[in-house]
Amino acid sequence: MNFGEDSVAAREKWGGLISTGLKVQIASQKDLSTFYSPGIAEPCRKIAQNKELSRTLTLRKNTIAVVSDGSAVLGLGNIGPEAALPVMEGKAMLFKHFGGVDAVPLVLDTQNTDEIIDIVCKLAPSFGGINLEDISAPRCFEIEKRLNERLDIPVFHDDQHGTAIVVLAALNNALQVVGKKIETVRIVISGAGAAGIAIDTLLRAAGIQKVDLVDSKGLVCCAREDLTHQKRDFCSLNCGSLAEGIKGADVFIGVSKGGLLSAELVKTMAPNPIIFALANPDPEILPEEAKKGGAAIIATGRSDFPN
């Protein structure tokens, strides 16, 4: 099957994959008068007296905004807001299908940090929460932090916190299968952007002490002079390439780009290695290749691969 062509065809047929709908049926003049004018004036008056009521009397009760500037879309990079819209629409689809949450995709034609923050703050009265998506590091860290400081609704960056939570849950399960303890394993994380930094943060909070972060230039070594302050917070004394860093590691977590890992590199890891190749749409290593290298557990971010 060609999932890419099928995806385009589905969107051409339906004009996207989500739509608005009604929670009530308008079947009479009474319904129209109740749900719209003149009845609608009363909830307006109540909210004007107490803005908190907008959280229970309007769509804010169950609606979030999925916000992106198109600067770090999947593994495709900075492809812009219009090209990011299918992913934001797809995320809204997932929120509705799996969580029953209504979500509105909002792609912004700016990659200026201050402008994004101001726009989201001005839109916030329409939503019960904000889900940031596919915004490049290190801007994403500042955007999320400042929005949480300014807004009184939840602000969640899926690429950071969503990915980190899922990885930790999967890792706990995988370690039980291979009989290793979380306090003793050594982990290599390929990718030092939003997802990689957040995963590293959560893993250390969970008690993992041996974590090596890898970016496009190799291990995030404290001796390097090109580190952002976020990377410097997670640097290690180990220097060198991914190939050097992965030797003897128990776990590989990839949130970088496809094809970085090979069966030969997997063979250099500790016995019964765990491979989370999560780059999307193309993983760091294909499942069959990882198995050739002796991987005990392999997981990818794609639903079409048997993990």
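Every heavy atom of this structure was used, including side-chain atoms; hydrogens, water molecules and symmetry mates were not.
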Do side-chain atoms of [X] reach the backbone of [Y] as a donor and acceptor pair under 3.5 angstrom?
| X | Y | value |
| --- | --- | --- |
| S68 | E133 | yes |
| Q49 | K46 | no |
| T63 | R60 | no |
| T56 | L53 | yes |
| N78 | A72 | no |

Assess the side chains of [X] and [Y]: does a donor N or O sit below 3.5 Å from an acceptor N or O?
| X | Y | value |
| --- | --- | --- |
| H161 | E144 | yes |
| E284 | S190 | no |
| S7 | R11 | yes |
| S71 | R139 | yes |
| D31 | Q29 | no |

Least distance between heavy atoms, [X] atom then [Y] atom:
| X | Y | answer |
| --- | --- | --- |
| V185 | D250 | CA-OD2, 3.4 Å |
| A194 | A137 | N-CB, 3.7 Å |
| P105 | M88 | CB-CB, 3.7 Å |

*Walk me through it: do V167 and L278 pass the test side-chain contact (heavy atoms from CB on, under 4.5 Å)?*
CA-CA 9 Å; V167 166; L278 306 179; 3.6 Å; yes
*Quick one: do E288 and K292 make a salt bridge, cutoff under 4.0 Å?*
no
Please determine whether residues [X] and [Y] belong to a single hydrophobic cluster, defined as Ile, Leu, Val, Met, Phe, Trp and Tyr linked transitively by side-chain heavy-atom distances below 4.5 Å.
| X | Y | answer |
| --- | --- | --- |
| L260 | L265 | yes |
| V104 | F95 | no |
| V73 | F3 | no |

Return all side-chain donor-acceptor pairs below 3.5 angstrom for residues 202-215, not counting sequence neighbours, or 'none' if the list is empty.
unit_1, atom_1, unit_2, atom_2, d
R204, NE, D200, OD1, 2.4
R204, NH2, D200, OD1, 3.4
D212, OD1, S236, OG, 2.8
D212, OD1, N238, ND2, 3.2
D212, OD2, R186, NH1, 3.0
D212, OD2, N238, ND2, 3.1
D215, OD1, K217, N, 2.9
D215, OD1, G218, N, 3.3
D215, OD1, R224, NH1, 3.0
D215, OD1, R224, NH2, 3.4
D215, OD2, R224, NH1, 3.4
D215, OD2, R224, NH2, 2.7
D215, OD2, K231, NZ, 3.0

*In terms of SG positions, are C222 and C235 separated by less than 2.5 Å?*
yes
